[in-house]
Amino acid sequence: MKKQNYPFTLMPLPYDYDALEPYIDKETMHYHHDKHHQAYVDNLNKALANHPEFHHLTLEELLSNLEKLPAEIQTAVRNNGGGVYNHNLFWLAMTPQPLGKPIGKLAEAINERFGSYEEFKNEFKKAALSRFGSGWAWLVSDKNNRVDIISTPNQNTPLEQGLRPLLPLDVWEHAYYLKYQNRRGDYIDNWFNIVDWQQAEKLFAKE
Ligand code: MN3
């Protein structure tokens with residue numbers, strides 16, 4: 001993910017809008033990326049417009065230091081900065097050329113923590129299904145390179161908890177409702193087919 005600072009711009013999709021069919025449909029990708037993601041970008045820029053002292057900060061720096069921002073823009077930056085950051089990661093976490101399972105050091109870490117890839121998937125699905133309302137499920141790693149699964153409400157990021165995001169799953173209804181309606185479980189099962197494990201491994205290996 002390219003490091004950006006103010007004014008933030010919408011990251012283009014790294015593949016065509018229909019590239020993730022049949023698991024994620026083209027219409028959903030258009031609304032999700034062109035409307036929802038764009039709105040987070042616009043509202044983040046609006047929140048920061050009158051605060052030039054923060055214009056040199058990257059998204060990661062803003063989101064890792066929310067408590068240092070003026071109280072009146074903290075919520076807007078958490079919601080919209082998180083919205084920009086999480087969706088950037090989300091597009092990169094999927095690929096039309098999936099490997100099908102974790103690789104390298106990350107595969108080892110997942111097996112160590114969860115026993116197997118299948119068990120990891122069960123736990124991840126549980127976290128994604130039990131997120132009440134809108135939010136995200138995540139595979140994350142901590143300072144000691146131990147992996148875990150968490151879920152966050154709204155657009156909150158793992159950065160706030162000092163954790164490194166490796167794999168995000170958007171479980172807001174806007175991510176799946178056009179194709180799956182209320183069937184969040186089917187969306188999650190299908191999503192595993194297009195996970196970019198190479199990208200997750202790259203994030204895990206990053207110093
Ligand atoms: Mn979304």
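Atoms within a ligand are numbered from 1 in the order they appear, just like the ligands themselves.
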**Request:** Please report the closest heavy-atom contact between Thr157 and Asn86, naming both atoms and the distance.
**Result:** CG2-OD1, 3.3 Å
**Prompt:** Do Glu160 and Arg78 meet the salt-bridge criterion of a basic N to acidic O distance under 4.0 Å?
**Reply:** yes
**Asked** Between CG of Leu66 and NZ of Lys68, what distance do you get to the nearest 0.5 Å?
**Response** 10.5 Å
**Prompt:** Just wondering, more than 12 heavy atoms not from Glu53 lying within 6.0 Å of its CD?
**Reply:** yes
**Request:** Less than 2.8 Å from the Mn ion (ligand 1) is the window; count the protein N, O or S atoms in it.
**Result:**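 For the Mn ion (ligand 1), protein nitrogen, oxygen or sulfur atoms under 2.8 Å: 4.
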**Request:** Could you please spell out the steps behind the side-chain hydrogen bond (donor to acceptor under 3.5 Å, both in side chains) verdict for Asp42 and Gln38?
**Result:** CA-CA 6 Å; Asp42 295 344; Gln38 179 73 60; 3.0 Å; yes
**Asked** Within 45° of the ring axis of Phe204 and under 6.0 Å from its six-membered ring centre, is that where the NZ or CZ of Lys105 lies?
**Response** no
